[in-house]
Student: 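Take a look at the following structure, please.
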Amino acid sequence: MAEEAKWYVIHTYSSYENAVSAAIMKAAENRKMTDLIHEIKIPMETVTEYTDAGEKTYERKIFPGYVFCKMVLTDESWHLIHNVRGATGFVGSDGKAVPLSEQEIYDLGIEHHEVVIGFNVGDTVKVVDGPLAGFLGVVEELDAENEKIRVMVSMFGRETPVDLDLDQVEEIKE
């Protein structure tokens, strides 16, 4: 498809999230529309309750009544979603489906991008972006979770710690 798949939010009847999710995937397979409907998620969280009877752990929906769907929105895919029993429509304005922004996807934790770091503390790296592009430095700290790195760069004869994003440095191949 020429168009890229985006995440949309589908409103459902209360407690119908799992049924709607399964029905959408089954309908997409039956109609050979899996190239339009890519993925469906129901964000869950693990909850632990402490009561007189002891500890109880269970999964609960973070957004009850909503299902997240990564799809290419066309007339066919729109009708598929609207004809699924339990789905009331897309979240948006004036009946139009509005895709989630990249920041919303990140904030909601819908998609997780795996960060692969090709260097360790003590390795020499080259800064490839920003005002220090072209400088070499030694990795002092790595924070993979926040995609940050602290590099010790030699400027004007002094060692200076610089905090950068992981995509601003690259490993020096020897």
Student: Are side-chain heavy atoms of M155 and V162 found at a separation under 4.5 Å?
Tutor: no

Student: Whether the T74 and E76 side chains hold a donor-acceptor pair (N or O, under 3.5 Å, no angle test) is what I'd like checked.
Tutor: yes

Student: For E171 and V125, work out which heavy atoms get closest and say how close.
Tutor: CA-CG1, 4.4 Å

Student: Would you say that I10 contacts I24 through its side chain, given a criterion of any heavy-atom pair below 4.5 Å between the two side chains?
Tutor: yes

Student: Kindly indicate whether the side chain of T12, heavy atoms from C-beta on, has any atom under 4.5 Å from the side chain of V84.
Tutor: no

Student: Is the closest side-chain heavy-atom distance between V72 and D35 below 4.5 Å?
Tutor: no

Student: Testing the basics here: between P99 and Y8, what is the closest heavy-atom pair and its distance to 0.1 Å?
Tutor: N-CE2, 3.5 Å

Student: Ring centres under 6.0 Å, that's the criterion: do H11 and Y66 meet it?
Tutor: yes

Student: Taking the side chain as C-beta and beyond, is there a heavy-atom pair between K41 and W7 under 4.5 Å?
Tutor: yes

Student: Walk me through it: do T57 and T46 pass the test side chain to side chain contact (heavy atoms under 4.5 Å, CB included)?
Tutor: CA-CA 7 Å; T57 303; T46 303; 3.5 Å; yes

Student: Say you draw a straight line from CZ of F68 to CD1 of I40; how long is it, rounded to the nearest 0.5 Å?
Tutor: 12.5 Å

Student: Nearest 0.5 Å please: distance from the CH2 atom of W78 over to the CG atom of N83.
Tutor: 8.5 Å

Student: Begin with the C-alpha distance, continue with both residues' side-chain angles, and end with the deciding distance and a verdict on side chain to side chain contact (heavy atoms under 4.5 Å, CB included) for V151 and F135.
Tutor: CA-CA 10 Å; V151 178; F135 279 83; over 6 Å; no

Student: Linking I/L/V/M/F/W/Y whenever their side-chain heavy atoms sit closer than 4.5 Å, directly or via other members, would I62 and L100 fall into one cluster?
Tutor: yes

Student: Can you tell which of E140, E159, E141 makes a salt bridge (charged side-chain N to carboxylate O under 4.0 Å, His left out) with R150?
Tutor: E141

Student: Please round to the nearest 0.5 Å and tell me the distance separating atom CD1 of I37 and atom OG of S77.
Tutor: 5.0 Å

Student: How long is the straight-line distance from CD of E49 back to CZ of R60, given to the nearest 0.5 Å?
Tutor: 7.5 Å

Student: Give the cluster check for M152 versus V128: same hydrophobic cluster or not, with ILVMFWY residues linked at side-chain heavy-atom distances below 4.5 Å.
Tutor: no

Student: Please assess L142 against L166 for the test side chain to side chain contact (heavy atoms under 4.5 Å, CB included), listing each intermediate value before the final yes or no.
Tutor: CA-CA 9 Å; L142 284 171; L166 283 176; 4.2 Å; yes

Student: Are there more than 12 heavy atoms of other residues, nucleotides or ligands under 6.0 Å from atom NZ of K126?
Tutor: no

Student: Begin from the C-alpha positions of D129 and D167 and carry the test side chain to side chain contact (heavy atoms under 4.5 Å, CB included) through to its verdict.
Tutor: CA-CA 8 Å; D129 186 32; D167 62 354; 5.6 Å; no

Student: Taking the side chain from T124 and the backbone from V138, do they hold a donor-acceptor pair closer than 3.5 Å?
Tutor: no

Student: Could you state the interatomic distance from NE2 (H38) to CE (M25), rounded to the nearest 0.5 Å?
Tutor: 10.0 Å

Student: Check this for me: does any side-chain nitrogen of one of E39 and K70 sit under 4.0 Å from a carboxylate oxygen of the other?
Tutor: no

Student: Same cluster or not: M71 versus V98, using hydrophobic residues (I, L, V, M, F, W, Y) connected whenever any side-chain heavy atoms lie under 4.5 Å apart?
Tutor: no

Student: Hey, is the main chain of Y50 close enough, under 3.5 Å, to the side chain of E55 for a donor-acceptor pair?
Tutor: no

Student: How close do K148 and D165 get, heavy atom to heavy atom, and via which atoms?
Tutor: NZ-OD1, 2.5 Å

Student: Does any part of the side chain of F63, heavy atoms only, come nearer than 4.5 Å to the side chain of V9, both counted from C-beta?
Tutor: no

Student: Side-chain contact test, heavy atoms from C-beta onward, threshold under 4.5 Å: evaluate it for L73 versus K96 and give yes or no.
Tutor: no

Student: Any side-chain heavy atom of E59 sitting closer than 4.5 Å to one from E45?
Tutor: no

